[in-house]
Student: 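This is the structure, below, for whatever I ask next.
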Amino acid sequence: MADYDVIVIGAGPGGYVCAIRCAQLGLKTACVEGRETLGGTCLNIGCIPSKALLHASELYHAAGHDFPKMGLKVEKPSFDWPGVQAYKQSTVDGNTKGIEFLFKKNKIDWLKGWGAITAPGEVKVGDAVHKAKSIIIATGSEPSALKGVEVDEKVIVTSTGALALGAVPKRLAVIGAGVIGLELGSVYARLGSEVTVVEFLDQITPGMDLEVCKALQKSLAKQGLTFILGAAVQGATKGGKGVTVDYRLRKDDSAGSVEADVVLVATGRRPYVAGLGLEAVGVEMTERGQIRTDAHWRTNVSGIYAIGDAIAGPMLAHKAEDEGMAVAETIAGRHGHVNYGVIPGVIYTSPEVASVGETEESLKAAGRAYRVGKFPFMGNARAKSYLMGDGFVKMLADKETDRILGCHIIGPQAGELIAEVCVAMEFGAAAEDVARTCHAHPTCSEAVREAALACGDGAIHA
Ligand SMILES: Cc1cc2nc3c(=O)[nH]c(=O)nc-3n(C[C@H](O)[C@H](O)[C@H](O)COP(=O)(O)OP(=O)(O)OC[C@H]3O[C@@H](n4cnc5c(N)ncnc54)[C@H](O)[C@@H]3O)c2cc1C
């Protein structure tokens, strides 16, 4: 007799969502988590604490820079760093406790400790071995290492250390111009750090729509971030006055260096599967160290599934959550599905960036005929009243059928606005469907409608 129908290993957004859905579908469920609190990387050391710091620093910056433009008077704004950290921690605590409540509500057993799969259908936690009909691996990811750069989480830090620095550094070097590097770089730039971002590629945020990347870089440069692109970091050396990051420019192999008080290594993340015992049970991995799964999140070993950052695909909390729900439905005998063509990506900088679906570059590469509908936030009354007229919405639609293929937004509330486009894409909508939908005035969402109108007879306010 199995103790459980399902044991989920890992309580991040993939694992905890999966456990809740399994329980809701009538499966006896346990979730193993070795961390002191539930919620995984996302709630403890990822999405949530970073967004709390982004929010606090954005308001601080607005108080200093935007309030006077609106006739609002405050004494010169200042901050109390331990207070900011306490606000961040209370946000984290509120959310992780919320998951604990949901586990109790759904009668999910939290098996506290680090789990290992000792055989198909068996998970060992501490000295206890628990049996389950299905095992779902949702063990997430950890920061990738960079040759020549030794992390101590004090002066050479990953995102984990960067979220909990003892003080705001005077000079911060960020290695890697991806989402995490730019978000945390923005936090410290707003709080007064001199931020230099060193990136291997010739552009920031690789994979995003190029026009949006360029607009974002320009805007962040205006906010004081310095970019060194096309630079291969050779190493980081600690000295009396901080850390020296040495790099070589890829175009001519010339050497350069950046001096910093703190160095953030933000060069990506890799799946975390240490101690799970996957080799012994024969679970296959990909060449990139991910757990190999089929279209139903099954590994090659019967009864063992995997989801989230531990498998292929974008390392995003909502992708992990969707897989968690879908695999639960599959195990319960339903038809779980994830549409990987409609997974939005958001960068919570200011301006915010959000995108979904194809980019102009990917459509060109595929030789697909498309139309572009673009609308600047400068033509949107609400955005202008927020002093956020920079940026635009860019919608891409099939030239023949008008079906929406992708959308890229840089500007106010981009992360909220993209949801409308995701729903439209899920329903196979044409740009005209969005264009003919009444949008409330004055809202930033009118800019999305205008971009859809621009795919047809033209936007009104541009
Ligand atoms: C700084 C930062 C900011 C981010 N911001 C965003 C964002 O804004 N939006 C977004 O979508 N994504 C963001 N991400 C990415 C997001 O956090 C991950 O994609 C997401 O957490 C992956 O979920 P997961 O469930 O696969 O794994 P994780 O959240 O990594 O959870 C895995 C859990 O499994 C546990 N575990 C591992 N091995 C075992 C074991 N053997 N036994 C028991 N427990 C185990 C771990 O302790 C961990 O709690 C961010 C990441 C970082 C680092």
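Both ligands and their constituent atoms are indexed starting at 1 by order of listing. Note that the structure is predicted; figures quoted are calculated from it, not measured.
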Student: Distance to 0.1 Å, residue and atom name: give those for the protein heavy atom nearest to atom 36 (N) of ligand 1.
Tutor: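 The protein heavy atom lying closest is Trp114 CZ3, 3.7 Å.
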Student: Does the residue Ala116 have a heavy-atom contact with ligand 1, meaning some pair of atoms that are separated by less than 4.0 Å?
Tutor: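 No; Ala116 lies far enough from ligand 1 that no heavy-atom distance drops under 4.0 Å.
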Student: Using a distance-only test with no angle check, is there a side-chain donor-acceptor pair under 3.5 angstrom linking Ser141 and Asp309?
Tutor: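 Result is yes, a qualifying pair exists.
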Student: Atoms of ligand 1 less than 4.0 Å from Tyr272 heavy atoms?
Tutor: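 Contacts of ligand 1 toward Tyr272, numbered from 1: 37 (C), 38 (N).
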Student: When Ile137 is tested against each of Val123, Val8, Ile304 for side chain to side chain contact (heavy atoms under 4.5 Å, CB included), which residue passes?
Tutor: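 Answer to the side chain to side chain contact (heavy atoms under 4.5 Å, CB included) test with Ile137 among Val123, Val8, Ile304: Ile304.
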Student: Less than 4.0 Å between a side-chain N and a carboxylate O, is that true for Glu36 and Lys112?
Tutor: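 A salt bridge is absent here (no side-chain N lies under 4.0 Å from a carboxylate O).
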Student: Do any nitrogen or oxygen atoms of Lys51 come within less than 3.5 Å of a nitrogen or oxygen of ligand 1?
Tutor: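 Such a contact does occur with ligand 1.
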Student: Is Arg334 salt-bridged to Glu329, going by a charged N under 4.0 Å from an acidic O?
Tutor: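 Judged by the 4.0 Å cut-off on N to carboxylate O distance, Arg334 and Glu329 do not form a salt bridge.
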Student: Within the structure, does Glu33 bring an N/O atom to less than 3.5 angstrom of an N/O atom in ligand 1?
Tutor: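 Yes: some nitrogen or oxygen of Glu33 is under 3.5 Å from one in ligand 1.
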Student: Where the closest heavy atom to atom 20 (C) of ligand 1 is concerned, which of Cys31, Ala162, Pro13 has it?
Tutor: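 It is Pro13 whose heavy atom sits nearest to atom 20 (C) of ligand 1.
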Student: What residue and atom, counting heavy atoms only, is the protein's closest point to atom 3 (C) of ligand 1, and at what distance?
Tutor: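 Looking at atom 3 (C) of ligand 1, the protein heavy atom closest to it is Gly46 C, 3.4 Å.
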Student: What is the nearest protein non-hydrogen atom to atom 42 (N) of ligand 1, stated with its residue, atom name and distance?
Tutor: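 Nearest neighbour among protein heavy atoms for atom 42 (N) of ligand 1, to 0.1 Å: Gly115 N, 2.8 Å.
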Student: Take atom NE2 of His55 as the centre, draw a 6.0 Å sphere, and report whether it contains more than 12 heavy atoms from other residues, nucleotides or ligands.
Tutor: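 Incorrect, the count does not exceed 12.
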Student: Report the nearest protein non-hydrogen atom to atom 10 (C) of ligand 1: residue, atom name, distance rounded to 0.1 Å.
Tutor: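 Answer for atom 10 (C) of ligand 1: Ala317 N, 3.5 Å.
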Student: Parallel, tilted or perpendicular for His130 and Tyr4, by the 30°/60° rule?
Tutor: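 Plane angle between 30° and 60°, so tilted.
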Student: Examine distances only and state if a side-chain atom of Glu323 and a backbone atom of Gly308 form a donor-acceptor pair shorter than 3.5 Å.
Tutor: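 Flag set: sc Glu323 to bb Gly308 pair under 3.5 Å.
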Student: Which residue supplies the protein heavy atom nearest to atom 18 (C) of ligand 1, what is that atom called, and how far is it?
Tutor: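 Heavy-atom neighbour on the protein nearest atom 18 (C) of ligand 1: Asp309 OD2, 3.3 Å.
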Student: Considering the heavy atoms of Leu276, write down every atom of ligand 1 situated less than 4.0 Å from one of them.
Tutor: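 The list of qualifying atoms is 41 (N).
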Student: Under 4.0 Å from a heavy atom of Ser50: which atoms of ligand 1 are those, numbered in the order shown and with their elements?
Tutor: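 Within the 4.0 Å cut-off of Ser50, ligand 1 contributes 3 (C).
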Student: With the threshold set at under 4.0 angstrom, would you say Ser141 reaches ligand 1 through any of its heavy atoms?
Tutor: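 Contact present.
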Student: How close does the nearest protein non-hydrogen atom get to atom 6 (C) of ligand 1, and which residue and atom is it?
Tutor: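 The closest heavy atom on the protein side is Cys47 SG, 3.2 Å.
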Student: Provide the closest heavy-atom pair for Pro169 versus Tyr188 in the form atom of the first, atom of the second, distance.
Tutor: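 What the structure gives for the nearest pair is CD-CD2, 3.8 Å.
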Student: Who's the nearest protein heavy-atom neighbour of atom 34 (O) of ligand 1, and how far?
Tutor: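 Here the nearest protein heavy atom works out to Gly10 CA, 3.2 Å.
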Student: Among all protein heavy atoms, pick the one closest to atom 44 (N) of ligand 1 and tell me residue, atom and distance.
Tutor: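 Ranked first by proximity to atom 44 (N) of ligand 1 is Gly34 N, 3.3 Å.
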Student: Check this for me, if you would: do Lys238 and Asp152 make a salt bridge, where the nitrogen-to-carboxylate-oxygen distance has to be below 4.0 angstrom?
Tutor: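 The answer is yes: the pair qualifies as a salt bridge.
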Student: Would you check whether Gly14 has a nitrogen or oxygen atom less than 3.5 angstrom from a nitrogen or oxygen atom of ligand 1?
Tutor: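 Yes.
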Student: Can Lys131 and Glu122 be counted as an ion pair, charged N to O under 4.0 angstrom?
Tutor: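 A salt bridge is present here (some side-chain N lies under 4.0 Å from a carboxylate O).
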Student: Tell me whether the rings of His65 and His61 are parallel (<30°), tilted (30 to 60°) or perpendicular (>60°).
Tutor: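 Plane angle under 30°, so parallel.
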Student: Just to check, does Glu321 reach to within less than 4.0 Å of ligand 1 when the distance is taken from its heavy atoms?
Tutor: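 Glu321: no contact with ligand 1 (<4.0 Å).
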Student: State whether the shortest distance between N or O atoms of Ile9 and N or O atoms of ligand 1 falls below 3.5 angstrom.
Tutor: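 Between Ile9 and ligand 1 (N or O atoms, distance only) the closest approach is not under 3.5 Å.
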Student: Look at atom CD of Glu150 and say whether more than 12 heavy atoms of other residues, nucleotides or ligands are closer to it than 6.0 Å.
Tutor: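 No, the 6.0 Å shell around CD holds no more than 12 heavy atoms from other groups.
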Student: Give the atoms of ligand 1, by number and element, whose distance to some non-hydrogen atom of Cys42 is under 4.0 Å.
Tutor: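 By the 4.0 Å cutoff, the relevant atoms are 17 (O), 21 (O), 29 (O).
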Student: Which ligand 1 atoms are under 4.0 Å away from a heavy-atom of Ser159?
Tutor: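 So the atoms of ligand 1 that pass are 1 (C), 53 (C).
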Student: Would you call Glu259-Lys170 a salt bridge at under 4.0 Å N-O?
Tutor: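 Not counted as a salt bridge, because no side-chain N and carboxylate O are separated by less than 4.0 Å.
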Student: Just jot down the ligand 1 atoms closer than 4.0 angstrom to any heavy atom of Ala320, in number order.
Tutor: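 Under 4.0 Å from Ala320, ligand 1 has these atoms: 23 (O), 26 (O).
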Student: Is it true that Arg269 lies under 4.0 Å from ligand 1, counting heavy atoms only?
Tutor: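 Distance cut 4.0 Å: Arg269 passes for ligand 1.
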Student: Does a sphere of radius 6.0 Å around CZ in Arg403 hold more than 12 heavy atoms from other residues, nucleotides or ligands, not counting ones at 6.0 Å or beyond?
Tutor: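 Open.
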Student: Give the numbers and elements of all ligand 1 atoms closer than 4.0 Å to a heavy atom of Tyr348.
Tutor: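 Once the distances to Tyr348 are compared, the set is 8 (O).
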Student: Show the atoms of ligand 1 that are less than 4.0 angstrom away from any heavy atom in Gly308.
Tutor: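 Every atom of ligand 1 under 4.0 Å from some heavy atom of Gly308: 26 (O).
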Student: Before signing off on this row, confirm whether Thr41 and ligand 1 have an N or O atom pair separated by under 3.5 Å.
Tutor: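 Right, the criterion is met.
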